[in-house]
> 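There's a structure below that I have some questions on.
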Amino acid sequence: MSNAMNFAFMREEPAPPNGRRVAIIGAGPSGLAAAGYLGCLGYQVEVYDKLPKPGGLMLFGIPGHRIPADRIQRGVFTLSRKFGVNFHNKTKICCSAPLHEEEGDHFSCDIRGLGELVEEHDAVIICSGAWKSRKLGIPGEQLKGVYSGLEFLFPIRAVKYATSNVSVPPVEGRTVVVVGAGHSAMDVAHSAKALGAKRVVMVYRRTKKEAPAGSYEVDRLIDVGCEWLERRTPLRIVADETGQHVAALEMADGNTGETEVLPADVIVTSIGEIPTPPFQKELGLENVRKGEVRWLHMTSIENVFVAGDVLTGPSKIGKAVYSGLRAARSLTNWLDLKAQHRENEYNYDADVITRPGAPSEQR
Amino acid sequence: MSECHGRGKTLHIDYSKCIGCETCEAVCGFLYDTPRIAMARTGDGQMIPIYCQHCEHAHCMKVCNRGALMRDRDGAVVLQPMLCRGCETRNCVIACPYAAFFATDRGVAVRKCDLCAGRRAVGLGPACAEMCPCGAIRFADRDELDELETEASREARDRVLAHIRPKK
Ligand SMILES: Cc1cc2nc3c(=O)[nH]c(=O)nc-3n(C[C@H](O)[C@H](O)[C@H](O)COP(=O)(O)OP(=O)(O)OC[C@H]3O[C@@H](n4cnc5c(N)ncnc54)[C@H](O)[C@@H]3O)c2cc1C
Ligand code: SF4
Ligand code: SF4
């Protein structure tokens with residue numbers, strides 16, 4: 001038993017090459033699971049990711065004390081050494097979308113078009129995750145010192161891989177207010193504490209019992225000295241005298257019905273992410289989500305499949321892995337039948353699943 | 001019934017390393033359609049996988065009066081569907097102290113973990129242990145179980161057991 005997340009768990013050795021090439025866009029859990037499955041079957045797999053290392057949010061979002069980074073890296077190493085998977089890091093796949101839009105874009109030095117990839121490969125799977133942070137939609141969110149969960153967490157991990165473009169949010173000796181009660185909010189609070197924040201206050205609109213991360217996690221934060229304020233609805237972020245930087249969070253206290261002002265040097269709103277597929281419309285992703293496709297996980301472009309959080313919205317590693325495996329299997333079925341001109345024999349009903357992870361409030 | 005070498009193998013989950021990500025359940029479900037390791041939410045909101053411990057003195061084996069549960073050569077407690085088929089008592093489901101014997105509405109009425117028998121036959125290990133991102137699941141010799149326990153793992157395990165068997 002190796003000490004790795006073994007994405008190639010289906011076989012000990014790859015099957016002989018089957019002559020097919022597949023491109024996978026995004027090296028998070030869904031993309032890596034798909035790469036492992038197809039690598040085992042003898043496919044030549046090319047994995048593209050805009051970040052300097054494969055792993056997706058397992059590496060760049062979730063703190064290392066929860067998922068050991070070397071376990072992911074060893075799994076990736078096995079894929080590339082033993083199963084011949086080629087990793088093209090720092091390569092962003094896009095069409096016309098503007099650059100520098102999502103967290104992590106500034107790492108990519110190479111940009112390739114989806115069209116090219118479709119030409120060059122027998123099939124493509126898009127596994128690009130959900131990286132755009134949801135906003136609270138209250139005044140003052142543009143102020144300096146206000147971060148989304150990913151904006152806050154990403155640099156903490158990324159700084160280890162490239163120091164030039166990223167800087168860790170300055171929190172030492174300061175008061176950090178975290179809005180939200182999912183896993184990413186918990187991760188933000190733990191990280192702020194670890195980086196030496198003077199005071200960390202958690203703000204949640206419902207009660208501890210209703211926290212998506214569970215009351216156990218909240219209690220653990222309280223144990224390490226974080227404060228917990230429940231039934232608070234953020235109303236407005238107040239600027240300091242320069243008008244540029246955050247100074248406080250104004251919120252409605254659901255217990256008393258009163259408005260209160262909480263001084264803050266840093267505010268992190270961690271209330272979930274939304275999917276950012278390259279070419280949402282062109283791919284007809286809405287129809288894939290609703291299940292109105294002939295092939296499980298296939299988009300409206302033939303031979304282009306989709307899996308993971310980009311399809312379902314933010315979910316969990318397990319759901320992303322499942323989705324990646326299902327898309328990979330669907331892709332193989334499709335190419336096998338197509339090679340024999342028997343596409344119409346595909347039995348969609350046999351392949352339909354209770355679709356994993358409808359966009360949830362898990363985090 | 002066949003003998004196994006030593007005290008055989010089993011799964012071990014260190015709940016202090018587990019982050020509740022559902023990968024084990026997902027991979028199992030991908031391989032076998034209905035998973036044999038299942039996530040549960042504890043009273044204080046933690047997601048935890050419930051799994052078969054392939055007990056040395058397995059209650060499920062004792063209560064099955066058709067002898068449909070057998071120990072294989074690696075020490076796994078495996079279900080023989082052809083013997084099980086048709087039984088509706090679900091004695092096994094009720095007897096399992098770890099809530100790891102599941103009732104289904106498909107095929108034979110029950111399902112359980114067999115430590116990936118088909119994979120073991122070709123030299124692979126249980127898939128959940130291969131894919132757990134945190135290394136929380138080990139495919140271990142029963143003899144090395146003690147070495148795997150830490151203070152944190154015992155404490156976490158007690159919390160999980162308190163959920164499975166609440167005090168009356
Ligand atoms: C802070 C935080 C904590 C979390 N905690 C947990 C937890 O405890 N348990 C749990 O189960 N889940 C947790 N999650 C959720 C989990 O991380 C995700 O559900 C999962 O990683 C989704 O996998 P994915 O493969 O779909 O996408 P991702 O992991 O997001 O990977 C997508 C990859 O695609 C790349 N990419 C995107 N666009 C492009 C492009 N145009 N070109 C090239 N590459 C591109 C990205 O760089 C990234 O590497 C957490 C998430 C966050 C943010
Ligand atoms: S895969 Fe590992 S970390 Fe995830 S739920 Fe299962 S045991 Fe826990
Ligand atoms: S099903 Fe339950 S009783 Fe039977 S071996 Fe597994 S854990 Fe023990």
Side-chain angles (χ1 to χ4, degrees), chain A residues 1-13 29-30 32-33 36-37 55 58-59 62-63 65-72 74-75 78 181 183 187 208-220 315-326 328-329 353-354 356-357 362, chain B residues 9 11-12 15-31 33-35 37-49 116 118-141 144 148 152 155-156 159-160 162-163:
Chain A
M1 200 100 339
S2 64
N3 190 15
M5 183 170 179
N6 185 11
F7 304 103
F9 68 93
M10 296 294 286
R11 292 175 68 108
E12 195 66 50
E13 302 281 340
S30 60
L32 291 173
Y37 183 88
M58 293 193 294
L59 203 63
I62 303 171
H65 69 263
R66 296 213 291 125
I67 297 185
D70 50 352
R71 231 183 119 72
I72 312 291
R74 275 194 288 266
T78 303
H183 277 299
D187 287 343
K208 187 161 87 182
K209 260 191 100 63
E210 296 163 277
S215 61
Y216 176 79
E217 291 293 332
V218 176
D219 286 335
R220 276 193 16 185
S315 64
K316 299 195 85 176
I317 297 166
K319 295 205 166 73
V321 163
Y322 188 74
S323 181
L325 291 171
R326 291 297 299 241
R329 193 158 73 189
I353 35 166
T354 40
Q362 268 299 311
Chain B
K9 306 206 78 158
L11 282 186
H12 176 268
Y15 286 110
S16 69
K17 290 187 183 160
C18 169
I19 61 166
C21 71
E22 305 175 16
T23 300
C24 44
E25 183 191 59
V27 171
C28 189
F30 175 73
L31 291 177
D33 291 333
T34 38
I37 179 167
M39 301 304 295
R41 193 177 169 106
T42 65
D44 54 11
Q46 273 199 303
M47 296 299 291
I48 46 152
C116 283
R119 290 171 51 87
R120 280 188 287 123
V122 294
L124 298 167
C128 56
E130 297 283 328
M131 276 292 276
C132 170
C134 304
I137 311 182
R138 295 285 293 271
F139 177 45
D141 287 330
E144 61 171 341
L148 293 177
E155 194 244 328
R159 234 177 22 244
V160 169
H163 168 72

> Hey, does A:Arg11 have a side-chain heavy atom less than 4.5 Å from the side chain of B:Val122?
no
> For B:Pro133 and A:Ile67, work out which heavy atoms get closest and say how close.
O-CG2, 3.8 Å
> Work out which heavy atom in B:Ala26 is nearest to a heavy atom in A:Gly318; give both atom names and the distance.
CB-O, 3.2 Å
> So how far is it from A:Lys316 NZ to B:Glu25 CD, rounded to the nearest 0.5 Å?
9.5 Å
> If you count heavy-atom pairs under 4.5 Å with chain B, which of A:Gly214, A:Ala8, A:Gly36 comes out on top?
A:Gly214
> A:Lys208: which residues meet the side-chain hydrogen bond (donor to acceptor under 3.5 Å, both in side chains) condition with it, sequence neighbours left out?
A:Asp219
> Using 0.5 Å steps for rounding, measure from the CD1 atom of B:Ile19 to the CD1 atom of A:Ile62.
5.0 Å
> So which heavy atom on A:Glu12 is nearest to which on B:Leu124, and how close?
OE1-CD2, 3.6 Å
> Name the region of A:Ala211, side chain, backbone, both or neither, that has any atom closer than 4.5 Å to a heavy atom of chain B.
backbone
> Can you name the closest pair of heavy atoms from A:Pro68 and B:Cys134 and give their distance?
CD-CA, 3.9 Å
> Report the residues that fulfil ring-ring contact (aromatic ring centres under 6.0 Å, His included) with A:Phe9, sequence neighbours left out, ordered by chain and then residue number.
none
> Which atoms form the tightest heavy-atom contact between B:Glu130 and A:Arg71, and what is the distance?
O-NH2, 4.1 Å
> Which heavy atom in B:Arg119 sits nearest to a heavy atom in A:Met10, and how many Å separate them?
NH1-CA, 4.0 Å
